[in-house]
There are 2 protein chains.
Amino acid sequence: MTAWVRLMGAHAAMTRSFNADLQASSAITVTDFEALRRLAAADGGRMRRVDLAVAVGLTASGMTRLLDGLERAGAVCKEHCSSDARVTYAAITDAGRALLHAAAESHLSALAAVFSERFSPAELDQLVELLGRLPGAEEDASSCPGAAAED
Amino acid sequence: MTAWVRLMGAHAAMTRSFNADLQASSAITVTDFEALRRLAAADGGRMRRVDLAVAVGLTASGMTRLLDGLERAGAVCKEHCSSDARVTYAAITDAGRALLHAAAESHLSALAAVFSERFSPAELDQLVELLGRLPGAEEDASSCPGAAAED
DNA sequence: GGGATAAGATTGACTCCGCAACCAAACTAG
DNA sequence: CTAGTTTGGTTGCGGAGTCAATCTTATCCC
């Protein structure tokens, strides 16, 4: 139970801190950042909205709202799938990549600082491995098998 | 960075799941639960609102709102401090203890299940220790030195 | 083919909670 | 004693994200 309490505390504190930084420097949230990062890394710079949602740990409706914001900001756009009219892709735009790049600069170094000043590389590996066993973690680079649908 | 991503994912998934359970069984959230737990464990069943806020990882305003809810539910009440008119204590009521007890039944076992089926006791210790180094964790049983004010 | 069922996506209403601004009480000087 | 500063606490406003309901398109099965 202590593990859960500490995880909650760490998440709350770090999220608040990183959100404040990102908000000030790029007007985005940590979840926005994570979504952009996933899109930028995805094949073709786009993903189905559902897949993106589970990747970043949101529900489908949460993803709709998050993408509303990013779309208003011009960072992503919708693309339709010709083979299945139900799906719409979220695709990162050039402006979105620029935004991500600008935000990454300070965010990634802040992130690295927090962890590297507290853990040795071996300990960090340990932590990553242990966290990966929890539900909802490990939605990493996998789960994109049928990513090659057309337009 | 993977550690941060996994922490976010695990937090999102587990919070949603636990919240759903607690909401259904006792009409409270995981944060409510944590606050009640802290109060029940505190000396005299009460804490200054600020101290409680940092203990559960909220801001002062978040704590005001959370306690509004618990007070409406009759689970906590306010107590004034005679030696410092600024502070109000949050004190757990008998109804609050009953609520906590009822909620703990299923919540703690769900919690134990999630962790025990994924980690050995030694690994769990490891995880607790590593998480404890992160900012915002470790707001545990310490930090209540001057808890013996009057009235 | 034609109706049930499922999957992707969106919307409305709601909760939680943070920030910034604020008030009041308490220390700290000059 | 009075003026500034700090600390505890609350409130207006707004953002983020959930759930439940809904709509549309696919798929399954007879």
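Values reported hereafter were calculated over all heavy atoms of this structure, with side chains retained and with hydrogens, waters and symmetry mates removed. In the text below, chain A, chain B and the rest are named by the order of the sequence lines, each starting its count at 1.
Between the NE2 atom of H80(A) and the P atom of dA9(C) there is a distance of 10 Å, given to the nearest Å. Distance, E79(A) CD to dG8(C) C1': 17 Å, rounded to whole Å. Atom CE in M47(B) sits about 11 Å away from atom P in dG9(D), given to the nearest Å. Distance CZ (R16(A)) to P (dA20(C)): 13 Å, rounded to an integer number of Å. Here dA9(C) presents its P atom at 7 Å from CZ of R49(A), a figure rounded to the nearest Å. One can place OH of Y89(B) at 17 Å from P of dT7(D), the figure rounded to the nearest angstrom. Following rounding to the nearest Å, L52(A) (CG) and dT10(C) (P) show an atom-to-atom distance of 12 Å. Counting to the nearest Å, the P atom of dT10(D) and the CZ atom of R48(B) are 13 Å from each other.
Remark: side-chain polar atoms of R6(A) are not paired, donor with acceptor, to backbone N or O of L127(B) under 3.5 angstrom.
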Within the sub-3.5 Å range, which N or O atoms of nucleotides 14-16 of chain C have a protein N or O partner, and how far apart are they?
none

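Remark: of the listed residues I28(A), D21(A), L22(A), L22(A) is the sole one forming a side-chain contact (heavy atoms from CB on, under 4.5 Å) with H107(A).
Between H80(A) and Y89(A) there is no side-chain heavy-atom pair separated by less than 4.5 Å. Residues L108(A) and F33(A) form a side-chain contact, since some pair of their non-hydrogen atoms from C-beta on lies under 4.5 Å apart. No side-chain heavy atom of L39(B) sits under 4.5 Å from any side-chain heavy atom of L100(B). For the pair E34(A)/R37(A), a side-chain contact is recorded, criterion being any heavy-atom separation below 4.5 Å from C-beta on. Inter-residue side-chain proximity for R49(B) and K78(B) is flagged as met; some heavy-atom pair is nearer than 4.5 Å.
Taking the nucleotide of DNA chain C with the nearest heavy atom to each of V87(A) and A12(A), the more 5' of the two is matched to V87(A).
Scanning both residues, A35(B) and L66(B), for their nearest heavy atoms gives CB-CD2, 3.9 Å. In terms of heavy atoms, R97(B) sits closest to A40(B) at NH1-O, 3.5 Å. When all heavy atoms of S109(B) and E105(B) are compared, the closest pair comes out as OG-O, 3.4 Å.
Classification of the W4(A)-F18(B) ring pair by plane angle, with boundaries at 30° and 60°, yields perpendicular.
Phosphate proximity of dT10(C) to K78(A): present, with a side-chain N or O under 4.0 Å from OP1 or OP2. Phosphate proximity of dT6(D) to R86(B): absent, as no side-chain N or O sits under 4.0 Å from OP1 or OP2.
Among the protein residues, D84(B) comes within range of the sugar-phosphate backbone only, with heavy atoms under 4.0 Å from sugar or phosphate atoms but none that close to a base.
Listed by first residue number, the stems of DNA chain C with at least three Watson-Crick or G-U pairs below 3.5 Å are C:1-30 with D:1-30.
Contact check of residues 56-72 of chain A against DNA chain C (heavy atom, cut-off under 4.0 Å) returns A60(A), S61(A), T64(A), R65(A).
V128(A) and L7(A) fall into different hydrophobic clusters, where Ile, Leu, Val, Met, Phe, Trp and Tyr are joined by side-chain heavy atoms under 4.5 Å apart, directly or via other members.
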